[in-house]
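Here the structure is laid out as structure tokens; the discussion comes afterwards.
Just so you know, ligand 1 is whichever comes first in the structure, and atom 1 is the first atom listed for that ligand. Worth knowing before you read on, the calculation uses all heavy atoms, side chains too, and leaves out hydrogens, waters and symmetry mates.
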Amino acid sequence: MVRVFVRARLLTVRAGAAEAGGLTGGIDRHDSIAAVDGRIAAIGSQDELRRRFADAEVIDLEGRLVTPGLIDCHTHIVYGGERSAEMERRLAGESYESIARAGGGILSTAAATARLGESELAAVALPRIDALLADGVTTLEIKSGYGLELEVELRCLRAARRIAALRPLSVSATYLAAHVVPAEFPGGSDGYVERICSQYLPAVAASGLADAVDAYCETIAFSVEQVARVFECARVLGLPVKLHADQLSNMHGAALAARFGALSADHLEFSDAAGVAALARAGTVAVLLPGAFYFLRQRQAPPVRALRQAGVPMAIASDCNPGTSPLCSLLAAMNLAAVEFGLSTDECVAGVTREAARALGVLADRGTIEVGKSCDLAIWNVEQPAALVYSLGGQPLHQRVWRGGRLPTCAAAPSTVR
Ligand code: DI6
Ligand code: FE
């Protein structure tokens, strides 16, 4: 299948394009893209591409702004139940940590998740996923982490793969191996870490269902030593790692992530200068999750200025999860990252495209509009790239293109036009 998309205002988000004159100035001099079998075969003028690909289907984008398809690189979107009652308790003054320590929080979602089968887990996630598709998302990271014991963790990872078969969407699946200790686990957290390393991780690796391994390094979750143990096992099994780091306290999680060459370190509200320097040395991406910061009413923002000055790549994600970030909009996450964390609009657009692809280890395949990459595009009904960050709501997306195939945009399950 050959398609030529003509008369676009291409924001390629190639490294250096923004610096060349700001993303607004980063509009490419070319206005057309040729896609052959789902991959970008050429970028050029409409006349040139119409000539080179004379038999192609031509799609006129009528001068619309076109970015790479958006990438949500951190979600816990497969889960059962919801936690609105917990929100009411927190609004009444209880803390997230105290609710978690009392057996609520993640454990309550784990109980609701265990009651659902694989197809039910995929089905309950779909409305949340369709909301992200309506924001222009073409790649989604989905973590497990509410299964806690092996069979349900595998069920969640299979549900993530099922979602990839149900929607025109690329899915990166992450095994969130150490999220929280199951209640009454023999041997407590150390016993659970031993079970993860000796049984769960090898089984998940053998299943081929996970592209990476994640953990929660926090006072209410796992220590640096315990996470290091899990990451050693992941390394032996050949699985890349990422880490929920320094979200509620400075556990020196950023330095731990860097020590293991993690793809990303996520949250980072309490990371210090040493952690930032370690991330810069390791090339680990800082994934900023403003939805959790906002919903937990946190006051200390991640050290964005230090990350920027150290040259640490910054991505933005929804962290869609029922406890700390019930957010099903990547565009809203961009707005929050700008307003709450002080990212520029250029950094926000790069944070949900190029840098989000880097955080998933897929930048060679997508995240910018460049020849050879997957033809994943978001076509917008806004004039300026900054308008994607500026408004909350409003549905600015005109159309998504995933692997070169035009897709209608609609909140309901989009049928695929191939
Ligand atoms: N950090 C978070 O914010 C989520 N998990 C994590 O490691 C919270 C998940 C939940 O509360 O359900
Ligand atoms: Fe998370």
Side-chain angles (χ1 to χ4, degrees), residues 72-87 89-90 94-114 124-125 128 140-148 152-153 156 160 172-182 189 212-223 226-227 230 241-249 251 253 256-257 262-271 285-298 302 315-328 330 333 336 356 359-360:
D72 195 347
C73 66
H74 181 133
T75 86
H76 307 249
I77 205 161
V78 168
Y79 60 85
E82 52 93 2
R83 299 212 326 248
S84 55
E86 187 176 308
M87 176 185 187
R89 289 173 62 184
R90 288 202 290 108
E94 286 188 69
S95 74
Y96 176 79
E97 293 92 324
S98 65
I99 292 169
R101 286 198 171 86
I106 295 169
L107 288 176
S108 62
T109 296
T113 300
V124 297
R128 301 189 280 263
L140 183 65
E141 186 256 12
I142 299 178
K143 304 177 192 291
S144 66
Y146 290 114
L148 304 189
V152 188
E153 287 293 324
C156 292
S172 289
T174 300
Y175 171 43
L176 176 44
H179 200 188
V180 77
V181 183
S189 60
V213 175
D214 192 348
Y216 190 18
C217 189
E218 192 52 70
T219 52
I220 55 171
F222 296 90
S223 69
Q226 290 171 328
V227 170
V230 171
V241 297
K242 36 181 68 242
L243 184 61
H244 285 70
D246 305 332
Q247 177 185 8
L248 306 174
S249 64
M251 300 275 290
L256 172 65
L263 288 171
S264 71
D266 304 41
H267 286 289
L268 305 179
E269 277 79 357
F270 287 85
S271 295
V285 178
V287 176
L288 305 176
L289 303 170
F293 173 86
Y294 159 78
F295 197 63
L296 291 179
R297 304 166 83 178
Q298 288 186 266
I316 299 164
S318 69
D319 193 15
C320 180
N321 78 72
T324 64
S325 187
L327 176 65
C328 299
L330 191 55
L336 288 170
L360 296 179

- request: Distance to 0.1 Å, residue and atom name: give those for the protein heavy atom nearest to atom 5 (N) of ligand 1.
  value: His179 NE2, 2.8 Å
- prompt: Does any N or O atom in Thr109 lie less than 3.5 angstrom from one in ligand 1, N or O only?
  reply: no
query: Hey, are the side chains of Leu327 and Phe295 touching, using non-hydrogen atoms and a 4.5 Å cut-off?
result: no
- request: Before giving the answer on side-chain contact (heavy atoms from CB on, under 4.5 Å), spell out for Leu248 and Leu296 the whole-Å C-alpha distance, their side-chain angles and the decisive distance to 0.1 Å.
  value: CA-CA 10 Å; Leu248 306 174; Leu296 291 179; 4.0 Å; yes
- prompt: Angle class for the His179/His244 ring planes (parallel below 30°, perpendicular above 60°, tilted otherwise)?
  reply: tilted
- prompt: Given atoms NE2 of His244 and NE2 of His76, what angle do they subtend at the Fe ion (ligand 2), to the nearest 10 degrees?
  reply: 100°
field: Residue pair Arg101, Thr219: steps toward the side-chain contact (heavy atoms from CB on, under 4.5 Å) verdict
entry: CA-CA 10 Å; Arg101 286 198 171 86; Thr219 52; 3.9 Å; yes
task: State, yes or no, whether a side-chain contact exists between Met251 and Phe270 at a heavy-atom distance under 4.5 Å.
output: no
- request: Check each atom of ligand 1 against the heavy atoms of Arg83 and keep those under 4.0 Å away; list them by number with element.
  value: 10 (C), 11 (O), 12 (O)
- line: ligand 1 to His267, heavy atom cutoff 4.0 Å, flagged ligand atoms 1 (N), 2 (C), 3 (O)
task: Run the contact test for Asp319 against ligand 1 with a 4.0 Å cut-off on heavy atoms, strictly below, and give the result.
output: yes
message: Against Thr174, only a single residue in Lys242, His76, Lys143, Glu141 fulfils side-chain hydrogen bond (donor to acceptor under 3.5 Å, both in side chains); can you say which?
response: Glu141
query: Just heavy atoms, cut-off under 4.0 Å: does Glu218 contact ligand 1 by side chain, backbone, both, or neither?
result: neither
message: Between Val227 and Val241, is the side-chain contact (heavy atoms from CB on, under 4.5 Å) condition met? List the steps.
response: CA-CA 11 Å; Val227 170; Val241 297; over 6 Å; no
message: Only N/O/S atoms count here: what is the atom of His74 closest to the Fe ion (ligand 2) called?
response: NE2
For ligand 1, the portion of Tyr79 having any non-hydrogen atom under 4.0 Å away: neither
statement: In this structure, atom 8 (C) of ligand 1 is nearest to the protein heavy atom Tyr96 OH, 3.2 Å
query: Counting backbone and side-chain atoms alike, does Asp319 have an N/O/S atom under 2.8 Å from the Fe ion (ligand 2)?
result: yes
Contact summary for Gly253 and Ala245, nearest pair of heavy atoms: C-CB, 3.7 Å
message: Checking contacts here: is it the side chain or the backbone of Leu176 that comes within 4.0 Å of ligand 1, counting heavy atoms only? Could be both or neither.
response: neither
